[in-house]
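Labels below follow one simple rule: chain letters A, B, ... track the order of the sequence lines, proteins then strands, and each chain is numbered from 1. This one's a predicted model, so the numbers in the text were calculated from it and none came from an experiment. All values below were derived from every heavy atom in this structure, side-chain atoms included, with hydrogens, water molecules and symmetry-related copies excluded.
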Amino acid sequence: MLLSKFIITILRSLFLYGFSYLRKGSTVLSITHIFMVFLYGLCSLEALVLYTLPTILIYSISRMHILLLYSFTISSIPGLWMSLSQLILDTAKGFADPLKYIMIYSRVVLVSLNVMFLLHTVNPTEISFLLSKIKRVSGVYPYIFIRIMSFLIKESAEIIYSHHLKKEKAWKTLAILFIRGDELAKGFSEGLIPKYHRFKPVLIYSLRSLLQQLLLFTYDLAILLLLY
Amino acid sequence: MRELLRVENLKIYAGTRPITSIDFFSVREGEVVLVTGSSGSGKTSMLRCIAGLNNIFGLEFTGSITLNTDSRGLAYIPQEPWFGLVTPYPFIEIRCFGSDGDFHRYLELFNVGHVLESNSVDLSAGEIQRILLIEALLSGSKLVLMDEITAYLDEASRKQIVETIEKVRNESRVSFIVVDHDVTLWKKSVDKVLYIDPKNGSRLYNDIEDLPIIYKIRSLYEEAEMIAKDIRRSSSEGETLIKVDGVWFRYPDSTRYVVRGLSIDVDRGDLVVIQGPSGSGKSTFLKLLAGMHRPSKGKISRRYRDAQYVPENPLLYLSEPTPNDELKGDIEFAKEVALLDVLETPITRLSSGERRRLALASAMLRGADVIFIDEPSVGLDVENLVRLLRVVAKAVNRGVSIVMATHSRFLSLAAKHLIKF
């Protein structure tokens, strides 16, 4: 039951709000932001906070704060894992520093939130368009990847929940998950093969989203100049 | 009129196991051909062979399939509609695989404009079917293969699809091969009917009225109606197993409530049917009752010991390699749901209708107090629908409460409580 709810939380943290305007910006600009976070933000917690603040603002002004909430929930898992394992290690050694664990937790959560922000701002049409320049049909791959990922996560939640009610053994549930994985490959081939000849790449951008990303880029540069 | 497709002496095998045989049929420009037959008779396998998908599913065939159009001239809507949508958002799907031609007209006609930018994973099967149809109509294809295109749709949407196909074939000379169990729906719109019978071979008819099974179908419909009425009459007052008190629900990314202040008591032995257009929230309410979602407002009290939940895709419920294992060797029950011939067939090789019957039978066998079933009648021919009704009647009489989301008018007729969305 809990596992099923956890999987639904993962699904929501990644795929809430559909093809929202956040996804209609440039993936290249989003990657620039995450690049700065990893290169400069990791040096200090202050810098990490400063790099994360505008992303929180973007969620808020886009009225997608629920997405932030789900992202925070998911990000807290590695945060708690790392800080608690450090606490256990330190306790075994005979000392404990609460501030240290809070710092570890905050750092992991903030980095994770920025990674989630990248995932929320990936524009699939841009990636598809770029890949289709290599080979036209390659443009389908990013779409089908996102589609299968979201589909598999959603079905996993349903399988786990119905098998839980059925009081089925975990290995049988796992077996069905594998069988379903194989069926998905066949199923989506069935859907795609008859029409992939018709595929034409499209590029969809939103001016508002692009402007927002340019502002974020300018802000990131300003922080860089201010702190380093 | 140019001939687009000719099928001659077709014999289809899954490995060495023969699935079906079709002596002859052809499709000309602007024709609509209905393919019908019992569940598991090989209708889907035939479409897969025509679409060139036989290798993916391990199907082999002898005989000839002559297609007088290139692969661009062929559109295919699979039986499991969610596999037809290969991009994460319907808007991208239509832009990448369709065209901009009558785009908005069709969106309005099929009432799917509001879901264009939704996640594909959040759409109902009926919404996906309509989007795939729009995409096929906009693709400029000459021949459209549709596998149970109306299975997940409500009555009004079904009629709308039949009317649209009629219009498109008259205006653009597009041809359609439609696989469907509901022959009466297509009565006025088809030029030929291919009836597939794996035991006695297939035959082509010019009119639905000429079908040898038409009288049987009608009498089965009458029987279905009778059983449905009996089920409703037999519903008795018992202890309350689920109490729904002013429940509201909305998804986290939406401001619109899908479920609005619903209250209902589900008593022991009740049959509760959730009905409404596709995408209106039937499955969501079923999941709320089953405990998969938590209400946004209101309260659901559950006073039962055991429950079973059979999702829209029945494979997700199954957990054993063969029907025999899934039914724990209960041959009598396998007989009741017509699964005797496939008892040792791997579940992955069962047809959609067989999987649905198996999941249903398996859920009934577990001795649960309540069973939640999503779309139990999809992919079932009328004979199997009657079997389903009999099984439901038996379960209800035994004191099992059944809650189902369905478009079937017979199941709605049998309901003690009908919840309309």
Side-chain angles (χ1 to χ4, degrees), chain A residues 1 4-5 8 11-12 15-20 23 64 66-67 69-70 124-125 128 139-140 143-144 146-147 150-151 153-155 157-159 161-163 165-169 172-173 175-176 179-180 182-184 186-202 204, chain B residues 48 51-53 56-57 70-72 74-76 78 80 82-89 91-93 95-98 116-122 132 135 139-141 145 251-253 290-293 306-313 315-321 347-348 362-363 366 368:
Chain A
M1 193 99 104
S4 170
K5 301 241 186 258
I8 291 175
L11 182 74
R12 287 180 177 167
F15 300 107
L16 218 54
Y17 289 110
F19 194 35
S20 67
R23 290 213 179 274
M64 292 183 188
I66 302 215
L67 195 54
L69 205 70
Y70 276 108
T125 66
S128 161
V140 178
Y143 291 138
I144 199 122
I146 302 173
R147 174 80 176 116
S150 55
F151 193 81
I153 297 174
K154 189 193 172 193
E155 285 213 330
E158 289 208 7
I159 291 173
Y161 193 75
S162 59
H163 283 210
L165 290 181
K166 211 175 166 187
K167 297 187 175 73
E168 206 49 279
K169 291 182 185 82
K172 284 189 180 171
T173 305
I176 285 294
I179 289 176
R180 191 56 183 159
D182 181 51
E183 282 231 327
L184 287 191
K186 281 183 188 169
F188 280 109
S189 304
E190 183 184 22
L192 180 63
I193 289 174
K195 67 181 180 185
Y196 81 94
H197 302 282
R198 295 203 303 266
F199 175 74
K200 49 180 192 303
V202 291
I204 301 166
Chain B
R48 284 174 175 163
L53 297 163
I56 298 173
F57 294 94
D70 62 5
S71 49
R72 281 164 204 269
L74 189 90
Y76 172 64
E80 296 193 69
W82 36 85
F83 291 141
L85 209 56
V86 297
T87 65
Y89 313 105
F91 182 66
I92 294 180
E93 183 86 15
R95 290 285 301 274
C96 287
F97 294 102
L116 267 195
E117 296 208 332
S118 302
N119 279 310
S120 299
V121 79
D122 294 333
L132 292 178
E135 186 194 314
S139 67
S141 300
L145 314 177
Y251 284 100
D253 57 345
M292 206 173 163
H293 292 322
D306 278 321
Q308 298 290 310
Y309 167 63
V310 183
E312 194 173 42
N313 180 354
L315 181 75
L316 309 188
Y317 177 82
L318 305 175
S319 52
E320 299 288 346
I347 53 167
T348 50
S362 174
R366 314 258 149 189

_Out of A:I144, A:L67, A:V140, return the one with the most heavy atom pairs under 4.5 angstrom to chain B._
A:I144

*Measure distances from B:E80 to the heavy atoms of chain A and classify the residue's part below 4.5 Å as side chain, backbone, both or neither.*
side chain

*Identify which part of A:K169 has an atom lying under 4.5 Å from any heavy atom of chain B, answering side chain, backbone, both or neither.*
neither

*Would you please classify the geometry between the B:F83 ring and the A:F151 ring as parallel, tilted or perpendicular, with 30° and 60° separating the classes?*
tilted

*Checking salt bridge (charged side-chain N to carboxylate O under 4.0 Å, His left out) for the pair B:E93/A:R147: CA distance, chi angles, key distance, verdict?*
CA-CA 11 Å; B:E93 183 86 15; A:R147 174 80 176 116; over 6 Å; no

*Give, as side chain, backbone, both or neither, the part of A:Y161 having an atom under 4.5 angstrom from any heavy atom of chain B.*
side chain

*Which region of A:L69, side chain (C-beta onward) or backbone (N, CA, C, O), has a non-hydrogen atom less than 4.5 Å from a non-hydrogen atom of chain B, or is it both or neither?*
neither

_Which atoms of A:Y70 are under 4.5 Å from chain B, going by heavy atoms: the side chain, the backbone, both sets, or neither?_
side chain

*B:Q308 side chain to A:L165 main-chain N or O, any donor-acceptor pair under 3.5 Å?*
yes

*When heavy-atom pairs shorter than 4.5 Å are enumerated against chain A, which of B:V310, B:L85, B:L74 gives the highest number?*
B:L85

*Which region of A:K154, side chain (C-beta onward) or backbone (N, CA, C, O), has a non-hydrogen atom less than 4.5 Å from a non-hydrogen atom of chain B, or is it both or neither?*
side chain

*Side chain, backbone, both or neither: which part of A:I179 has a non-hydrogen atom closer than 4.5 Å to chain B?*
side chain

*Heavy-atom distances under 4.5 Å only: say whether B:I347 touches chain A with side chain, backbone, both or neither.*
side chain

_For chain B, the option from A:Y196, A:F19, A:F199 that forms the most heavy-atom pairs under 4.5 Å_ = A:F19

*Do any N or O atoms from the side chain of A:K172 and from the backbone of B:L318 form a donor-acceptor pair under 3.5 angstrom?*
no

*Quick one: what part of A:H163 sits under 4.5 Å from any heavy atom of chain B, side chain, backbone, both or neither?*
side chain

*Counting heavy-atom pairs under 4.5 Å to chain A, which of B:Y251, B:Y309, B:F97 comes out on top?*
B:F97

*Is chain B contacted by the side chain of A:I176, its backbone, both, or neither, given a heavy-atom distance below 4.5 Å?*
side chain

*Between the side chain of A:K200 and the main-chain N/O of B:G98, is any donor-acceptor distance below 3.5 Å?*
yes

*With side chains defined as the heavy atoms from C-beta onward, is the minimum distance between A:F188 and B:V86 less than 4.5 Å?*
yes

_Portion of B:Y89 that has a non-hydrogen atom of chain A nearer than 4.5 angstrom_ = side chain

_Contact class of A:L16 relative to chain B, heavy atoms under 4.5 angstrom_ = both

*asked:* Is A:I8 close to chain B through its backbone or its side chain, or both, or neither, when contacts mean heavy atoms under 4.5 Å?
replied: side chain

*Side chain, backbone, both or neither: which part of B:N313 has an atom under 4.5 Å from a heavy atom of chain A?*
side chain

*asked:* Restricting to non-hydrogen atoms, name the atom on B:P252 and the atom on A:Y17 that form the minimum distance, rounded to 0.1 Å.
replied: O-OH, 4.1 Å

*When B:F91 is tested against each of A:T125, A:V202, A:I204 for side-chain contact (heavy atoms from CB on, under 4.5 Å), which residue passes?*
A:I204

*Which heavy-atom pair separates A:G191 from B:P78 by the least distance, and what is that distance?*
CA-CG, 4.5 Å

*Which residue out of B:G52, B:G84, B:G291, B:A75 racks up the most heavy-atom pairs below 4.5 Å with chain A?*
B:G291

*Which one of B:L315, B:D253, B:D70 has the most heavy-atom pairs closer than 4.5 Å to chain A?*
B:D253

*With chain A, which of B:R48, B:E135, B:E312, B:M292 has the greatest number of heavy-atom pairs at distances under 4.5 Å?*
B:M292

*asked:* Distance check, rounded to the nearest 0.5 Å: B:I56 atom CD1 versus A:L192 atom CG?
replied: 9.0 Å

*Given that the side chain runs from C-beta out, which part of A:E168 has a heavy atom under 4.5 Å from chain B: side chain, backbone, both or neither?*
side chain

*Residue part contacting chain A, namely of B:L53, when any heavy atom lies under 4.5 Å*: side chain

*Looking at side-chain heavy atoms only, is the closest gap between B:I92 and A:P124 below 4.5 Å?*
yes

*Which portion of B:L116 sits near chain A, non-hydrogen atoms under 4.5 angstrom*: neither

*Spacing of B:S120 atom OG and A:I146 atom CD1 [to the nearest 0.5 Å]*: 10.0 Å

*Drop me the distance from A:E183's CD to B:T348's OG1, to the nearest 0.5 angstrom.*
6.5 Å

_Quick one, B:P88 and A:F15 - any side-chain contact, counting heavy atoms below 4.5 Å?_
no

*Region of B:S118 that comes under 4.5 Å of a non-hydrogen atom in chain A*: backbone

*Distance-only polar pair, side chains of B:S139 and A:K195, donor-acceptor under 3.5 Å*: no

